[in-house]
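Values in this document were obtained by computation on a predicted structure and should not be read as measured data.
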Amino acid sequence: MSTASTATGGDGPVPPPRTSAPGVAADSSTIDGTAAAAPVVDRPAVGDVTWPAGVPVAEPAEPVVADVGRVRWDPAERRARASQSFWTAVVGVPAIFSVLRLGVEAGGELQTTLLLVANVGPVNLLAGFLTTAARLLSTGLVAIFALGAVLAVSADRLPPGTRRRPLFARWADITPAWVVLASFLLALITWPLLYLPLLLPAFVAAFQLRPGRLHERVVPRLLLIGALLAGYGWLMLPTLRAAVRQGDEWLVLALVVVPPLLALFIAGPLPGMVIRPLASVTEVAVLATLVWAAVPVISTPVLPLTVTTVGPESGPTEDVRGHVVTTDDVNMVILQEKGGVRYVPVGLVRAQVLCPSEEELPRHQLRIHDFHVEDSLLEGMGRRVRPVHRIDAACRTPA
């Protein structure tokens, strides 16, 4: 009996490679008579080398499609990019505003700006920014989350892959619910009471609280809506009466009456044809509004406004109106309200009073249950603890 030739190498003989017809097993049984586990098919060849029979061939699970005209982004990568852009804006905007505030307060002068940077610590700068720009930050977040939720629920009704989701919708998708709720709480304590009714439609839009979610039956649903509107009317009725008596408070009347009615219809979805134009318009509008509202924030002083009485013990005195930058054993450095830095010897300082700025003076004579409409809840509670003191006569002196 003849045996098949084998090639020797390594530790023993190596069997010759198996060959078979394409798609057909070489033999239905093995040498010892047992059934073959699976038919052996030809392996692909690379050049003159045949693919080993025992090594599986990896094939793609799905065909690779090359889209030459447009780049296809993975959904996870889109979410990562949206999250990165959102948190970059949240962290970067306050830092930029803080630097701009120092430059504006210094009157654009480099040396004065360096003086403020050297004496205004980061904690004081952050505290000043939070107290003056918190309502701007909360306004931007509330607008983004409310519009983003409406655009997101509207875009979900479109066929998949029809259009790219709007930017605000992507931001609303990747933001946790607790961040959205925290932005509304920040607005609740920092916004003036006059603008708090605007939070009602914004909250309904951000969390998609449609009237149908109150109750599944129509009659109980209408009763609940009527009870909520009655409670809101009881809260605002004295203010509405006072606004009607004054006769020129149409803005106050609109801000009190319109938002609760708007909250009943503001939840999405929107028609598909208006999603893309509305997304573009709202993005530009929110950006323009934030820029317009940022101007007074940037120009708001970081340091308190004071009037310092300067003069010898027996002689004429002078009132220096401005912001105290720093004080040492020799001089008191005052950034004057009219511009310029003045070094006043400490021995010549006779008195000093704290003064309110013109932006802090009230413009409306309306109150909501003992709270002034231009005060926030935080300011209103603070005034109950420390009532407003009489403005000193030195503060009324023109600069």
Side-chain angles (χ1 to χ4, degrees), residues 134-136 138-147 149-150 153 177 180-270 282 285-286 289 293 361-385 387-388:
R135 60 182 61 171
L136 174 64
S138 61
T139 301
L141 293 177
V142 166
I144 289 173
F145 295 147
L147 295 172
V150 174
V153 72
V180 181
L181 186 60
S183 65
F184 277 90
L185 291 177
L186 180 62
L188 182 64
I189 64 175
T190 57
W191 283 16
L193 298 180
L194 180 61
Y195 300 102
L196 284 186
L198 294 175
L199 289 179
L200 294 176
F203 188 84
V204 170
F207 292 94
Q208 291 298 297
L209 302 178
R210 301 178 183 86
R213 298 180 61 179
L214 294 177
H215 201 280
E216 58 183 6
R217 300 178 61 182
V218 178
V219 175
R221 185 190 312 164
L222 294 178
L223 292 177
L224 289 175
I225 294 176
L228 292 175
L229 291 178
Y232 178 81
W234 171 83
L235 182 65
M236 294 296 184
L237 186 58
T239 306
L240 290 175
R241 289 177 178 174
V244 171
R245 285 197 302 266
Q246 294 184 15
D248 56 348
E249 299 290 352
W250 298 107
L251 177 61
V252 177
L253 292 175
L255 290 175
V256 172
V257 175
V258 175
L261 302 178
L262 184 62
L264 299 176
F265 312 101
I266 198 171
L270 301 174
T282 52
V286 170
T289 303
L361 299 178
R363 294 177 175 83
H364 298 278
Q365 298 179 356
L366 298 174
R367 307 185 74 85
I368 301 177
H369 293 277
D370 296 334
F371 285 90
H372 195 268
V373 294
E374 296 179 71
D375 289 340
S376 64
L377 289 177
L378 193 62
E379 293 171 344
M381 291 185 292
R383 296 189 193 280
R384 288 193 171 187
V385 177
V388 180

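- When all heavy atoms of T190 and L186 are compared, the closest pair comes out as OG1-O, 2.5 Å.
- Taking CG of L262 as the start and CG of L200 as the end, the distance is 10.0 Å to the nearest 0.5 Å.
- Side chain of R135 to backbone of W191: no donor-acceptor contact under 3.5 angstrom is found.
- In this structure, the separation between CG on L194 and CG on D375 is 11.5 Å, given to the nearest 0.5 Å.
- Remark: the backbone N or O of R367 is paired with a side-chain donor or acceptor of T239 at under 3.5 angstrom.
- Between F371 atom CZ and M381 atom CE the span is 7.0 Å, to the nearest 0.5 Å.
- When all heavy atoms of P201 and P259 are compared, the closest pair comes out as CD-O, 3.7 Å.
- Residues L264 and I225 meet the side-chain proximity criterion, which asks for heavy atoms closer than 4.5 Å.
- In terms of modelled atom types and a separation under 3.5 Å, the side chain of H372 and the main chain of G380 share no donor-acceptor contact.
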Note to self: Could you go through V150 and Q208, starting from their C-alpha distance and side-chain angles, then the distance that decides it, and tell me whether this counts as side-chain contact (heavy atoms from CB on, under 4.5 Å)?
What the structure shows: CA-CA 8 Å; V150 174; Q208 291 298 297; 3.9 Å; yes
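- Put simply, CH2 on W250 and CG on L253 are 6.5 Å apart, with the number rounded to the nearest 0.5 Å.
- The backbone N or O of A243 lies less than 3.5 Å from no partner atom in the side chain of Q246, so there is not a single donor-acceptor pair.
- Across A146 and A202, no two heavy atoms sit closer than the pair CB-O, 3.7 Å.
- Side-chain contact between L240 and V257 is present, with heavy atoms from C-beta onward closer than 4.5 Å.
- L255 is not listed as a side-chain neighbour of P197, based on a closest heavy-atom distance of 4.5 Å or more.
- The shortest side-chain heavy-atom distance between L229 and P260 falls under the 4.5 Å cut-off.
- Within the 4.5 Å cutoff, no side-chain heavy atoms of S183 are placed close to those of S138.
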Check: Can you check side-chain contact (heavy atoms from CB on, under 4.5 Å) on M236 and I368, steps first, answer last?
Finding: CA-CA 7 Å; M236 294 296 184; I368 301 177; 3.9 Å; yes
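- Taking 4.5 Å as the limit, some side-chain heavy atom of V286 sits within range of a side-chain heavy atom of L147.
- In this structure, Y232 contributes its side chain and V256 its backbone to a donor-acceptor pair below 3.5 Å.
- In this structure, L209 CG and I266 CD1 are separated by 11.5 Å, a value rounded to the nearest 0.5 Å.
- The number of heavy atoms from other shown groups lying within 6.0 Å of CZ (F207) is above 12.
- Using a 4.5 Å heavy-atom threshold, the side chains of L235 and H369 count as touching.
- Between F184 and F203, the ring planes lie perpendicular to each other; the angle is over 60°, past the 30° to 60° tilted range.
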